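This report concerns only the one structure given below.
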There are 2 protein chains.
Amino acid sequence: MAVIRGLRRRRRAAAPVADDAARTRRPRRRIRLENDQRRAQLLALGIQAFSDRTYDDVSIDDIARAAGISKGLLYHYFPTKRDLYLAGLRTTADDLIATTTAAASPSLPPLERMRAGLDAYLDHVSHHARPFVALMRGGIGSDPEVVAVIEGVRATYVQRFLENAEGTPLAGMLMANRPLVRIAIRGWIGFVEAASLEWLTRKDVERTTLRDVLVDALLASLRIGAAGPSGPPRT
Amino acid sequence: MAVIRGLRRRRRAAAPVADDAARTRRPRRRIRLENDQRRAQLLALGIQAFSDRTYDDVSIDDIARAAGISKGLLYHYFPTKRDLYLAGLRTTADDLIATTTAAASPSLPPLERMRAGLDAYLDHVSHHARPFVALMRGGIGSDPEVVAVIEGVRATYVQRFLENAEGTPLAGMLMANRPLVRIAIRGWIGFVEAASLEWLTRKDVERTTLRDVLVDALLASLRIGAAGPSGPPRT
DNA sequence: AGTCTGTATTGACCGTCAGTCAATAGCAAA
DNA sequence: TTTGCTATTGACTGACGGTCAATACAGACT
């Protein structure tokens with residue numbers, strides 16, 4: 001017992017106003033911004049804050065102070081702390097999808113397209129490591145809306161992938177064993193995320209090598225899912 | 001603007017003491033428990049609470065009330081809400097590892113052992129779905145200690161796996177291309193987790209089938225990791 | 001120049017919650 | 001019965017998320 005750790009998590013800044021200054025301070029000139037600009041500013045600050053610190057360790061007052069506005073105004077733009085968090089999460093997720101979608105041009109042959117998409121994915125991920133990790137870890141665990149955003153990204157990829165496969169010789173195989181193919185694809189996405197995280201922490205593998213591993217893993221996963229597992233050795 | 005949603009998340013119970021009752025109530029007999037029993041009770045209640053609700057939606061007062069004790073006592077056992085949460089997380093993680101370890105008897109041949117371990121894993125996972133999902137989603141995002149617990153589980157499996165492979169013909173291959181094999185194994189664990197989650201939500205595949213898929217995926221991953229990716233077609 | 005008007009902005013305020021601490025009551029040994 | 005240990009209480013605090021009526025800024029229109 002008597003464990004010492006724990007304590008308050010947040011540190012307060014020292015008392016901000018010297019007693020003399022209180023007299024001097026003028027009503028503090030308001031800076032008026034266009035609706036969209038303010039919103040964008042707050043969103044950016046929010047993403048940054050939630051990437052650096054835990055959800056609980058970020059206080060609305062902090063963000064308001066960083067933006068140089070009052071807390072009330074922040075609540076005018078985002079009715080809830082959770083809303084601010086979610087808006088940031090959605091932006092991050094949308095960025096990721098937009099980047100990869102742009103790179104995976106439909107004019108490319110399927111496999112080539114897959115490679116281009118993965119290249120963009122890994123590139124984006126390594127340039128936005130903090131927000132990406134925050135996204136994947138899901139800042140507020142098990143919150144349904146948070147889960148929805150993350151699952152949304154995955155679902156988008158699954159769908160995009162199936163569209164991509166359409167017309168190729170794979171298509172028939174994929175349709176034949178639906179539930180298992182679903183599992184295989186979801187599993188592969190889990191593979192990609194886990195491998196990316198591992199790759200981000202120790203960067204001891206070329207990006208192109210990792211990309212090729214991921215492609216190979218996808219093909220293997222599909223083969224297993226479509227044909228069914230080999231099963232234990234028949235004795 | 002003027003979005004209506006948001007609001008307070010927690011509901012309060014109606015005023016607990018009728019004014020008459022205040023007079024009647026005796027000082028409420030204290031129930032004294034042995035240190036270990038109390039701790040176990042609170043731990044169990046904590047796990048349940050955090051499995052059902054979000055971290056933020058669980059209040060210490062709720063748990064104390066459910067246990068029939070004062071908040072102060074709860075803080076005697078767990079110095080912080082986060083500590084209670086972490087203790088529950090660790091228990092859940094330890095359970096998982098203990099179950100799978102027990103099932104994967106070293107006396108079995110490697111592949112057989114792998115199968116037994118995965119069977120136990122899937123079995124455990126489907127019987128403890130709520131806490132498992134809560135564990136995987138990481139209740140407090142990006143909190144270093146929470147991440148440490150989850151990563152700990154994965155690291156344990158990686159290590160246990162490498163030990164298992166020792167002495168088999170695989171061993172040499174695995175050592176040859178370390179970084180890529182690491183990535184392959186971590187990726188495969190991501191595969192297992194994602195596939196399990198998918199399997200839990202729609203249970204449209206036999207457990208044994210899934211187990212065999214996972215085994216096949218493992219072998220494929222290792223092959224790719226050890227031999228290196230096939231790479232883009234050499235033209 | 002004035003003054004009007006819509007809206008971006010403020011700051012004081014509230015209820016709740018995590019966390020603290022000195023005082024107290026149950027139990028076992030003497 | 002008394003003593004001593006410790007499990008237990010409950011009142012208290014500071015901070016934080018969230019609310020709201022009042023206010024000051026900017027551009028439009030005399």
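So you know, we letter chains A, B, ... as the sequences are listed, proteins then strands, and number each from 1. Not measured: the values here are computed from a predicted model.
- The nearest whole Å value for the distance from the CD1 atom in Ile69(B) to the P atom in dT24(C) is 20 Å.
- Looking at Lys71(A), its side chain comes within 3.5 Å of the base of dG17(D) through a donor and an acceptor atom.
- In this structure, Tyr77(B) atom OH and dA18(C) atom P are separated by 20 Å, rounded to whole Å.
- Spacing between atom CG of Leu42(A) and atom P of dT9(C) amounts to 9 Å, rounded to whole angstrom units.
- Between Tyr75(B) atom OH and dC12(D) atom P the separation is 18 Å, expressed in whole Å.
- Between Gln41(B) and Gln37(B), the side chains place no donor N or O within less than 3.5 Å of an acceptor N or O (distance only, hydrogens not considered).
- There is no side-chain donor-acceptor pair under 3.5 Å between Arg113(B) and Ser105(B).
- Between Arg65(B) atom CZ and dG10(D) atom P the separation is 13 Å, expressed in whole Å.
- Leu73(B) places its CG atom 17 Å from the P atom of dC21(C), with the value rounded to the nearest Å.
- Remark: the Thr100(B) side chain and the Tyr157(B) side chain contain an N/O donor-acceptor pair separated by less than 3.5 Å.
- The distance between atom CZ of Arg39(B) and atom C1' of dA7(D), rounded to the nearest whole Å, is 15 Å.
- Going from atom CZ of Arg207(B) over to atom CG of Leu118(B) covers 10.5 Å, rounded to the nearest 0.5 Å.
- Where Gly72(A) and Ile60(A) each meet DNA chain D at their nearest nucleotide, the meeting point lying more 5' is that of Ile60(A).
- Per the geometry, CG belonging to Asp61(B) stands 13 Å off P belonging to dT9(D), to the nearest Å.
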